[in-house]
Protein chains: 2
Amino acid sequence: MAKITIKDVARHAGVQPSTVSRAINNHPNILPETKARILNTIQELGYVPDRAAKNFRTGKTRSISVILPITGSDFYNRLLNSIDETLEEYEYDAGVYPLLSERRLSRYQDPSALPYHTDGLVFASLNPNHLYENLFSIQGLPAVVLDISTPNFDNVTINNELGGYLAGMHLQERPAETFVINVEELFDTPFTSGVFAQRVKGFQKAQQEAGLRFEEDQLYTSAFTMRSVRETARLLLQERKGKINVFTTCDFFAYGLIEEVRLAGLTLGDDVRIVGFDDEPQAQDLGLTTLHQPVEEMGHTLAQMLMERIENPDLPVRSVQFEPILKVRSTT
Amino acid sequence: MAKITIKDVARHAGVQPSTVSRAINNHPNILPETKARILNTIQELGYVPDRAAKNFRTGKTRSISVILPITGSDFYNRLLNSIDETLEEYEYDAGVYPLLSERRLSRYQDPSALPYHTDGLVFASLNPNHLYENLFSIQGLPAVVLDISTPNFDNVTINNELGGYLAGMHLQERPAETFVINVEELFDTPFTSGVFAQRVKGFQKAQQEAGLRFEEDQLYTSAFTMRSVRETARLLLQERKGKINVFTTCDFFAYGLIEEVRLAGLTLGDDVRIVGFDDEPQAQDLGLTTLHQPVEEMGHTLAQMLMERIENPDLPVRSVQFEPILKVRSTT
DNA sequence: TTGAAAGCGCTAACAT
DNA sequence: ATGTTAGCGCTTTCAA
């Protein structure tokens with residue numbers, strides 16, 4: 001059986017292809033009864049518009065690509081969900097492109113790669129200026145960036161420095177030896193968003209303002225695996241002298257620390273006070289004091305900005321910053 | 001500035017559009033020097049082929065869609081990576097479509113939804129026969145299924161029952177009261193792949209063959225959150241009488257159990273022996289005995305099958321099953 | 001309100 | 001080996 005096209009529908013409904021097109025695209029100038037008849041015929045024949053033809057003809061795909069580091073955190077799931085929600089209002093769809101390997105990254109240097117075959121791009125925690133050997137790949141494609149303040153792209157960020165500052169201020173309520181567990185940030189990779197460094201910077205600022213010291217020996221680093229986190233936490237707990245305060249630059253690090261605190265027979269919220277960052281669902285389960293990010297608002301704003309830029313590419317570059325909120329729970 | 005098309009390149013290089021097309025598509029019948037000249041011109045002009053036009057003209061997108069439940073586990077990352085690897089040989093690309101919400105699922109009922117605008121589909125741990133109100137959405141689109149043996153689609157599975165059986169046999173080496181922690185499987189959702197039930201079934205078989213009892217009171221269930229896992233593990237440990245054997249139907253459950261074993265001051269591998277399932281990186285870190293899945297081979301096979309079916313849609317339905325391998329470590 | 005016709009950019013069959 | 005030409009399915013002017 002041959003493919004059913006708009007011509008077949010037209011013939012069966014006794015109209016011209018252009019009228020069928022008007023019927024399926026909610027064009028105003030069409031008689032309701034004509035439209036109804038055509039829609040009926042479409043049902044009968046099981047006609048499905050050829051998206052490739054439509055994309056080609058209109059020069060629009062009504063879809064965008066979300067490019068992100070390896071996926072799966074609660075943060076990215078919520079982000080994608082909220083982007084989806086906003087896109088739906090515009091009848092747009094999103095495809096997800098996790099940068100899981102070097103191979104993928106190098107393939108995406110090619111401007112005709114799949115992700116760029118859409119009307120716009122979201123870069124989540126990724127800096128397009130570092131991702132590409134040159135920006136030719138995404139020439140003229142509307143793009144918005146999450147987590148990184150770029151001068152040449154619309155961007156949505158959270159005030160990470162303020163988050164670190166709030167963590168610092170809060171921990172100062174109970175004076176004690178103070179530590180930070182941060183991620184081992186690799187320099188000069190396309191995956192360096194800089195958010196963690198900003199969190200530490202804000203924390204440092206709070207310490208300085210209070211006349212408290214913050215030296216290298218107070219800063220521990222860990223890789224992004226539970227094993228590494230546990231080792232780091234164990235080391236930190238061994239080297240402590242009395243009661244301590246710890247700021248972990250993400251909740252994930254706090255989980256490992258909490259385990260080690262329990263294993264060491266210490267009391268959470270007293271011997272060891274902890275502030276995390278992200279407010280993942282598990283943070284609430286564990287009673288972890290942490291900095292909440294308004295992920296949904298960020299996603300909505302991001303998607304909204306992209307839609308606006310697709311509609312009007314000449315808009316000036318916009319930058320929106322959200323503020324984290326300290327959620328005080330039982331670990332402090 | 002107007003868009004640069006194949007015509008512009010042709011004019012600049014002093015050839016016809018069809019020759020340019022031959023140059024960029026590695027057509028055999030073209031003089032190497034002509035090809036070189038054209039490729040030069042393309043560089044100069046910064047010509048990028050219009051993918052929409054090409055898709056339209058050829059009726060192929062040279063891309064596939066991977067549809068999966070919420071992403072992020074090590075399993076899915078490795079799977080996507082291995083699919084990518086195989087696709088590269090065919091010069092195909094993959095877009096990822098996580099089913100993060102009910103909204104997405106219902107949007108994807110529409111045959112003209114974004115994921116179907118490709119040459120083929122991979123369903124990972126998802127049964128297309130349950131996903132769709134009717135299969136019209138994916139009419140005629142080549143599709144392969146991971147984790148579920150479907151009569152109407154090519155599929156790649158792992159012998160989960162054998163995995164459970166091996167776990168059971170292995171734990172029997174040290175006679176003790178025996179338990180299983182399984183996921184609370186929700187019935188009749190599109191997300192029910194049935195793999196967990198099969199693991200339990202295989203375990204049960206091992207028990208029966210050895211003349212050992214396996215009753216309801218030995219089966220614990222947990223939700224897929226660390227909180228729930230911990231609670232379940234605590235309950236199990238409280239109710240035990242002496243030394244015990246535990247089969248957790250995924251590694252994630254074993255992590256929580258291991259923590260609770262430590263907290264309770266019990267000895268792993270003696271008081272409590274554990275076998276997990278999946279062999280995630282953390283399993284190795286923790287010394288967890290577990291069932292290894294050959295994820296990469298599965299991904300390669302899946303992608304290979306899909307490419308073959310795209311090339312030849314009339315192939316009979318094929319089914320490939322892999323076998324899990326027991327990795328014995330220190331928890332048993 | 002509907003019809004007629006052109007054409008988006010590319011590839012492929014056929015001609016040379 | 002290259003040129004010529006038709007046309008993929010759709011939307012969008014323009015005309016009626």
Side-chain angles (χ1 to χ4, degrees), chain A residues 1-39 41-42 45-63 91 111-112 116-119 139-140, chain B residues 1-42 45-63 91 111-112 114 116-119 139-140:
Chain A
M1 74 189 183
K3 177 172 185 169
I4 296 148
T5 74
I6 208 170
K7 274 189 185 172
D8 301 313
V9 177
R11 193 156 27 79
H12 279 256
V15 292
Q16 289 297 319
S18 52
T19 308
V20 177
S21 174
R22 282 186 267 259
I24 55 184
N25 290 296
N26 295 316
H27 196 92
N29 291 340
I30 186 168
L31 216 59
E33 54 222 59
T34 312
K35 187 170 176 174
R37 185 159 40 97
I38 292 171
L39 261 29
T41 313
I42 286 176
L45 301 184
Y47 164 72
V48 177
D50 182 328
R51 200 165 171 152
K54 183 168 183 161
N55 289 349
F56 171 55
R57 174 61 228 239
T58 60
K60 290 256 165 285
T61 64
R62 298 202 83 78
S63 71
E91 297 185 76
S112 65
Y116 314 128
H117 181 46
T118 56
D119 302 346
Q139 45 147 5
Chain B
M1 74 186 183
K3 173 170 189 172
I4 296 148
T5 74
I6 208 169
K7 275 188 184 173
D8 302 313
V9 178
R11 194 158 25 79
H12 279 257
V15 293
Q16 291 296 321
S18 53
T19 309
V20 177
S21 174
R22 282 187 266 261
I24 56 183
N25 290 297
N26 294 317
H27 195 93
N29 293 341
I30 186 168
L31 216 58
E33 54 222 58
T34 312
K35 186 170 177 174
R37 184 160 38 96
I38 292 172
L39 260 32
N40 256 336
T41 313
I42 286 175
L45 301 184
Y47 164 72
V48 176
D50 182 327
R51 202 170 167 146
K54 185 169 180 159
N55 290 350
F56 171 55
R57 174 60 230 236
T58 61
K60 290 256 164 284
T61 63
R62 297 203 81 78
S63 71
E91 297 185 75
S112 66
L114 186 58
Y116 314 127
H117 181 46
T118 56
D119 302 345
Q139 44 146 8

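A, B, ... follow the sequence lines: proteins, then strands. Residue 1 opens every chain. Predicted, not measured: the structure shown is a model, and the values here were computed from it. When reading the values below, keep in mind they use all heavy atoms of this one structure, side chains included, and skip hydrogens, waters and symmetry mates.
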>> How many whole angstroms separate atom CZ of B/Arg11 from atom C1' of D/dT2?
In response: 19 Å

Could you go over nucleotides 7-9 of chain C and give all protein N or O partners under 3.5 Å, atom names and distances?
residue, atom, partner, partner atom, Å
C/dG7, N2, A/Arg57, NH1, 2.6

> Taking CZ from B/Arg22 and C1' from C/dA15, how many angstroms apart are they, rounded to a whole number?
Replying inline: 11 Å

>> It should be established whether A/Thr58 places a side-chain nitrogen or oxygen under 4.0 Å from OP1 or OP2 of nucleotide D/dT11.
In response: no

> Ignoring hydrogens and angles, does a donor from either the side chain of A/Thr19 or the base of C/dT1 sit under 3.5 Å from an acceptor on the other?
Replying inline: no

>> For DNA chain C, which residues of residues 25-40 of chain B approach it to below 4.0 angstrom with any heavy atom?
In response: B/Asn25

> Without hydrogens or angle criteria, can the side chains of B/Thr61 and B/Asn55 be said to hold a donor-acceptor pair below 3.5 Å?
Replying inline: no

>> Below the 4.0 Å mark, does C/dT2 have OP1 or OP2 next to a side-chain nitrogen or oxygen of A/Gln16?
In response: no

>> Nearest 0.5 Å, please: how far is OG in B/Ser112 from NE2 in B/His117?
In response: 10.5 Å

>> Measuring only between side-chain heavy atoms, which start at C-beta, is A/Tyr116 closer than 4.5 Å to B/Val48?
In response: no

> Looking at A/Gly46 and A/Ile4, what are the two nearest heavy atoms and their distance?
Replying inline: O-CD1, 4.4 Å

Please list, one pair per line, the donor and acceptor atoms closer than 3.5 Å that link side chains of residues 16-28 of chain B to other protein atoms, with sequence neighbours excluded.
residue, atom, partner, partner atom, Å
B/Ser18, OG, B/Arg22, NH2, 3.4
B/Ser21, OG, B/Asn25, ND2, 3.4
B/Asn25, OD1, B/Lys54, NZ, 2.7
B/Asn25, ND2, B/Ser21, O, 2.8
B/Asn26, OD1, B/Lys35, NZ, 3.3

>> Looking at every non-hydrogen atom in both residues, tell me the closest pair between A/Leu45 and A/Val9 and how far apart they are.
In response: CD1-CA, 4.0 Å

>> Expressed as a whole number of angstroms, how long is the span from B/Ile24:CD1 to C/dA12:C1'?
In response: 14 Å

>> Salt bridge check, B/Lys3 against B/Asp50: does any charged N sit closer than 4.0 Å to a carboxylate O?
In response: yes

> Is there a side-chain contact between B/Ile6 and B/Tyr47, using heavy atoms and a 4.5 Å cut-off?
Replying inline: yes

>> Regarding B/Val20, tell me which of base, sugar-phosphate or nothing describes its non-hydrogen contacts under 4.0 Å with the strands shown.
In response: nothing

